[in-house]
> 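Below is one structure. I have some questions about it.
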Amino acid sequence: MTNVRVEASKRYDILIGRGLLENSGKHVRSAAGGEKAAVITDDVVDRLYAHTVVKSLQAEGMKTSRFVISHGEKSKNAVNFIAMLNFLAENGFTRKDTVIALGGGVVGDIAGFAAATYMRGINLVQIPTTLLSAVDSSVGGKTAIDLDTGKNLAGAFYQPGLVICDYSTLDTLSGELISAGCAEIIKYGVIADSELFSMLKQPVQENYEEIIARCVSIKRDIVCEDERDEGKRNILNFGHTIGHAVELCSGYEIPHGFAVAAGMAAMARASFKLGLCTKACRDGIIDMIRLHGLPAEVKFGAEELFKAALSDKKGGGGTITIIVPREIGRSELRQVTMAELKEIIALGIAEQGGA
Ligand SMILES: NC(=O)c1ccc[n+]([C@@H]2O[C@H](COP(=O)([O-])OP(=O)(O)OC[C@H]3O[C@@H](n4cnc5c(N)ncnc54)[C@H](O)[C@@H]3O)[C@@H](O)[C@H]2O)c1
């Protein structure tokens with residue numbers, strides 16, 4: 001088992017190993033505690049893994065209850081969020097008790113937001129079960145729900161007290177969901193770790209523990225420097241401005257990881273055309289995206305994407321921060337005007353067939 005320690009506004013461990021669910025109760029008991037635990041999950045994960053977690057919690061003497069949402073991004077909404085808060089209240093949860101987010105990024109984000117806001121914050125344990133949530137969303141404390149106008153528009157920065165990443169749960173993921181997780185791993189490789197990027201030439205399953213540990217360690221280092229996303233943390237959004245626009249334009253039919261992949265490819269093309277990255281860097285990113293069965297093309301028009309991208313703008317003012325890949329393993333932040341963003345989107349999606 002690998003243990004990655006995070007020392008942000010809260011100190012917590014990320015436990016990475018095979019078969020950790022069986023002992024999840026012990027880990028929850030020592031890190032979070034309380035008498036009660038609410039396991040929040042989706043219907044797919046509920047059928048696969050909730051019983052193992054519940055059994056382990058009960059073996060530690062914890063009273064458990066389950067709250068199950070339908071799977072998919074559309075469940076990350078205000079109605080489910082309020083229902084979760086009511087569920088916690090009806091079951092007599094206090095601040096000493098624990099919310100367990102068992103599932104992918106959707107469950108992690110909405111259950112995390114419920115934990116952040118219920119009684120102004122109760123214990124939260126993240127148990128990621130998708131590759132994407134293992135390498136990215138379960139760590140770092142961003143929690144959110146989507147509004148009709150855009151993604152993640154209501155949320156909170158709220159660190160978990162523990163992350164238990166049992167990567168044997170990834171064995172039941174479809175090839176498509178593995179690919180979606182690979183998009184975020186490609187992101188980490190491009191922004192900070194060329195060795196990690198090279199590891200992606202092999203099937204990820206061969207190196208889960210090291211890959212997950214590398215990704216969350218990169219995220220940990222960045223989050224510890226800029227927990228509230230006021231500067232450096234923006235680098236984690238490589239591919240996400242266009243990616244979120246793609247998700248919104250598709251009515252959330254295109255999964256997050258696929259949209260991010262298309263967004264990274266567009267940024268690589270635009271950066272090359274602007275003379276900011278080499279051809280080798282652009283081609284390396286696009287080839288890796290394709291190698292993992294991810295889309296390197298965006299199917300929406302520049303105008304439509306630009307409008308959608310505006311809803312993702314959280315920084316205020318007349319500019320937006322974009323992330324430019326300079327070479328594999330190194331990227332930088334740039335402030336651009338909205339007119340420049342429009343131009344970048346247009347450059348990113350022009351001549352997509354070739355590179
Ligand atoms: N908070 C953050 O820092 C952050 C970072 C990146 C992404 N996100 C968010 O994460 C979400 C995407 O996460 P996701 O890709 O995990 O999607 P998801 O949570 O919708 O999970 C994808 C699908 O996988 C199923 N599933 C989960 N675990 C499984 C397993 N072990 N075996 C079989 N099926 C399983 C789920 O039921 C779901 O149908 C988006 O909402 C995105 O905005 C958040």
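Numbering of ligands and ligand atoms starts at 1, following listing order.
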> What is the distance from atom CD of Glu247 to atom NE2 of His240, rounded to the nearest 0.5 Å?
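Output value for this atom pair is 8.0 Å.
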> Salt bridge between Arg214 and Glu195, side-chain N to carboxylate O under 4.0 Å?
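Yes, this pair counts.
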> With Phe81, which residues qualify under ring pair (Phe, Tyr, Trp, His ring centres under 6.0 Å), at least two apart?
Phe113
> For ligand 1, list the protein residues that place a heavy atom within a distance below 4.0 Å of one of its atoms, sorted by chain and number.
Asp42, Val44, Val45, Leu48, Tyr49, His71, Glu73, Lys76, Gly104, Gly105, Val106, Asp109, Thr129, Thr130, Leu132, Asp136, Ser137, Lys142, Lys151, Asn152, Thr169, Thr172, Leu173, Leu177, Glu184, Lys219, His256
> Indicate every side-chain donor-acceptor pair of residues 171-182 with a distance under 3.5 Å to a residue at least two apart or in another chain.
{"from": "Asp171", "atom 1": "OD1", "to": "Arg18", "atom 2": "NH2", "distance (Å)": "3.4"}
{"from": "Asp171", "atom 1": "OD2", "to": "Arg18", "atom 2": "NH1", "distance (Å)": "3.1"}
{"from": "Thr172", "atom 1": "OG1", "to": "Tyr49", "atom 2": "OH", "distance (Å)": "2.6"}
{"from": "Thr172", "atom 1": "OG1", "to": "Thr169", "atom 2": "O", "distance (Å)": "3.0"}
{"from": "Ser174", "atom 1": "OG", "to": "Leu177", "atom 2": "N", "distance (Å)": "3.2"}
{"from": "Ser179", "atom 1": "OG", "to": "Gly175", "atom 2": "O", "distance (Å)": "3.1"}
{"from": "Ser179", "atom 1": "OG", "to": "His292", "atom 2": "O", "distance (Å)": "2.7"}

> Which side-chain N or O atoms in residues 143-150 pair as donor and acceptor under 3.5 Å with protein atoms at least two apart or in another chain?
{"from": "Thr143", "atom 1": "OG1", "to": "Ala156", "atom 2": "N", "distance (Å)": "3.3"}
{"from": "Thr143", "atom 1": "OG1", "to": "Ala156", "atom 2": "O", "distance (Å)": "2.9"}
{"from": "Asp146", "atom 1": "OD1", "to": "Asn152", "atom 2": "N", "distance (Å)": "2.8"}

> Output the distance between atom CZ (Phe300) and atom CD1 (Ile349), rounded to the nearest 0.5 Å.
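It is 10.5 Å, given to the nearest 0.5 Å.
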